[in-house]
Amino acid sequence: MSMWLEKALNRANQVQDWLSPVRMQALETLKQEKWPTRKTEAWKYTPVKPLERAEFNHTAQANVVDVESIQGLDSIDLVFVDGCLTTPIHSLALPEGLTIDSFESASTDVQTWVSEVFGQIKPKRHLFGLVNDVLATQGVIIDVNAGQKIDKPIRLIHLQNEGNEAHTRVLVRLGSEAQASVIEQFTGDQNSFSTNVAEFSIGESASLEHYRFCLQTNEAMSVGGSHFKLHEKSQLNSQLVGYGSKLARVDVDVEYAGENAFSKLNAIYLLKDKEIFDLHSTIEHAVPHCVTDETVRGIVGDHAKATFNGRIHIHRDAQKTLAELSNKNLLLARTAQINTKPELEIYADDVRCAHGATVAELDKSALYYMMSRGISKADALIMLNFGFINALVDEMPNEAVAEWLRPILRQRFKAMGSE
Amino acid sequence: MLTINNLHARVEEKTILKGLNLEIKPGEVHAIMGPNGAGKSTMGFVLSGRDGYEVEQGGATLDGNDLLDMEPEDRARAGLFLAFQYPVEIPGVSNLEFMKAAVDASLESRGEEPMSSAAFLKKAKEACAQVNLPLAFLKRGVNEGFSGGEKKRNEIMQMILMEPKLAILDESDSGLDIDALKVVADGVNSQRSADRSFIVVTHYQRLLDYIKPDFVHVLSDGKIVKSGDASLAKELEAEGYAWLEGYDIEENSEASA
Ligand SMILES: Nc1ncnc2c1ncn2[C@@H]1O[C@H](COP(=O)(O)OP(=O)(O)OP(=O)(O)O)[C@@H](O)[C@H]1O
Ligand SMILES: [Mg+2]
């Protein structure tokens with residue numbers, strides 16, 4: 001047991017709110033969990049050491065911060081600073097069919113359904129997911145009524161400042177045939193720690209567009225996940241971008257609970273210096289006729305270490321499943337590390353699946369070719385890096401979001417360099 | 001324009017260029033022929049500054065500036081262009097974006113403004129049409145999945161856009177069908193001017209029917225062993241290289257083995 005976890009458990013005992021009954025169950029499970037070591041399969045390549053003895057402030061008084069909007073994107077923005085929701089929930093002008101609550105503003109009706117769903121989509125095996133269950137006292141609840149198409153994307157911005165620890169929670173429910181777009185965005189580079197868990201229930205024939213931009217870096221530690229449950233004929237398009245830090249871990253889980261559902265999952269990770277990034281995805285094909293298309297690309301430089309573990313589990317009854325998983329990596333330096341493990345576990349006999357992983361080094365002849373055309377080495381590197389992930393950025397369904405992201409990535413590439 | 005003086009260069013542990021001399025004046029077209037493995041491509045790589053090619057002796061200047069002292073990108077900005085024998089594929093980087101970056105880099109190095117996207121697109125479309133490539137090739141990844149001949153035409157398109165002082169065309173004619181050969185030759189001829197020079201590396205006299213050289217040189221075992229006018233190419237076509245003085249069959253069959 002680490003000192004950090006011990007203190008977290010003590011704090012959890014003091015949390016008192018309408019979620020307490022569900023939190024207590026999670027706390028019981030959490031108490032049985034072991035602190036991860038090198039021998040813990042799920043944490044094999046990602047040491048949680050930096051957190052073990054870390055101490056943070058838990059009672060941050062957040063100041064309202066102005067957050068830059070995304071040009072060309074008319075979004076509904078909610079801002080968390082050090083885990084505190086600073087956007088007054090009642091000030092939001094919401095379109096018909098959409099309700100957004102904070103944990104505090106939730107009516108008893110909302111409390112009732114949330115208590116039933118909370119922690120049920122996210123698998124219980126995630127240690128820090130359980131931590132979030134017991135400690136996340138701030139969060140938002142997004143409910144889209146059946147048949148409603150919400151044009152404005154909902155953007156959840158999380159800013160993390162030095163010395164603070166934060167635990168935030170997001171719960172999204174799309175009624176049948178509803179449509180919505182949710183952007184989760186995280187920033188921070190100072191010594192801090194946060195867990196951020198989002199659970200999404202996508203109703204029958206509903207469609208969710210989702211972005212998770214995990215842009216915490218340097219000293220900002222974060223562990224979290226986006227967890228999805230897809231009902232019949234529903235669709236998910238999820239796009240993830242991750243930087244690394246002292247400790248950065250994301251879990252993505254998809255569970256098909258109804259037939260003929262489809263998910264497209266794209267992810268990009270870009271690491272420099274001594275950063276660590278760990279992406280675990282688990283897709284549970286529990287029912288027949290569902291389709292998964294997962295594409296993950298990473299660029300890793302300097303002494304950074306990336307871990308990708310992508311598991312697709314096709315249960316016995318999940319006939320006619322189509323599943324594809326591809327992970328391609330570009331190493332910018334011999335000192336960089338990539339651990340990639342795509343896993344297909346197939347128990348049904350009538351399925352079409354493919355998976356593959358590659359690790360390539362930077363193409364020196366391409367670099368020379370570009371320089372022979374007058375392009376500087378630095379610019380050539382940026383273009384080559386961009387070339388490696390461009391296809392995924394181009395696939396982002398919202399062009400304004402992609403446009404916003406491109407210069408951010410360009411800055412990132414500038415900082416990445418190579419040997 | 002270009003002066004190569006007693007150039008010796010090696011790659012890895014092997015000396016390839018063994019005393020190369022060449023003097024090219026503005027507006028001239030020099031053809032370089034010679035057996036496989038003679039060092040023709042090596043000359044282009046050494047002049048353009050490829051990693052791993054080490055100059056042992058001698059030098060090269062472009063307009064009086066020491067070429068071998070510059071970074072590869074600065075050589076290009078100074079006006080050197082190499083059309084590759086084997087152009088490199090760069091998946092994910094569009095041809096258009098690549099060429100704009102190249103042209104802008106040269107403009108900026110001269111203290112000029114980069115071109116507007118619209119102005120560049122217009123120029124690129126013209127160059128694309130000139131080498132008879134469909135406009136879709138501007139959008140495609142650089143050389144990505146291009147056929148051999150398409151790659152060669154793409155090199156010529158880049159040359160047209162970069163407006164170099166000195167262009168080295170390394171076998172820009174090999175692998176081309178008859179029509180493409182004309183397209184490439186026309187592309188080159190359209191760029192000929194009193195202040196632009198060319199080195200045309202080729203194995204075939206045929207290209208020189210279209211691009212009339214002022215001089216023809218034979219490069220063998222790392223140096224020029226014979227120079228002449230356009231008629232030399234015809235002789236070579238008829239007789240091969242064996243009759244040349246200083247051409248060592250033993251040495252060369254080893255080099256090309
Ligand atoms: N990395 C290397 N290590 C050792 N030898 C090399 C290396 N690269 C090239 N060479 C050798 O250098 C010699 C010259 O090669 P180069 O490509 O310059 O010939 P070339 O005249 O262009 O021939 P071709 O007409 O076939 O294109 C060849 O014998 C080749 O095998
Ligand atoms: Mg050659």
Inset, instruction - Measure the spacing between OG of Ser365(A) and OH of Tyr86(B) and express it to the nearest 0.5 Å. - result: 14.0 Å
Legend entry - Contacting region of Leu82(B) [heavy-atom separation from chain A under 4.5 Å]: both
Legend entry - Residues of residues 113-131 of chain B near chain A, each having a heavy atom less than 4.5 Å away: none
Legend entry - From Gln158(B) atom CD to Ser372(A) atom OG, the distance as rounded to the nearest 0.5 Å: 8.0 Å
Legend entry - Toward chain B, the part of Ala391(A) with a non-hydrogen atom under 4.5 Å: neither
Inset, instruction - Check each atom of Val142(B) against the heavy atoms of chain A and say whether the ones under 4.5 Å are side chain, backbone, both or neither. - result: side chain
Legend entry - Atom pair CD/OH of Glu155(B) and Tyr369(A) - distance to nearest 0.5 Å: 3.5 Å
Inset, instruction - Return yes when atom CZ of Arg110(B) has more than 12 non-hydrogen atoms of other residues, nucleotides or ligands closer than 6.0 Å, and no otherwise. - result: yes
Inset, instruction - Could you tell me which residues in residues 47-79 of chain B have at least one non-hydrogen atom under 4.5 Å from a non-hydrogen atom of chain A, sorted by residue number? - result: Ser48(B), Gly49(B), Arg50(B), Pro72(B), Glu73(B), Ala76(B), Arg77(B)
Inset, instruction - Tell me the residues of residues 187-196 of chain B whose non-hydrogen atoms fall below 4.5 Å from those of chain A, in number order. - result: none
Legend entry - Part of Asp363(A) lying under 4.5 Å from any heavy atom of chain B: side chain
Legend entry - Heavy atoms of other groups near Lys264(A) NZ, more than 12 under 6.0 Å: yes
Inset, instruction - On the 0 to 90° scale, with breaks at 30° and 60°, tag the Tyr368(A)-Phe45(B) ring pair as parallel, tilted or perpendicular. - result: perpendicular
Inset, instruction - Check side-chain contact (heavy atoms from CB on, under 4.5 Å) between Asn390(A) and all other residues, then give those that pass, not counting sequence neighbours. - result: Phe386(A), Asp394(A), Glu97(B)
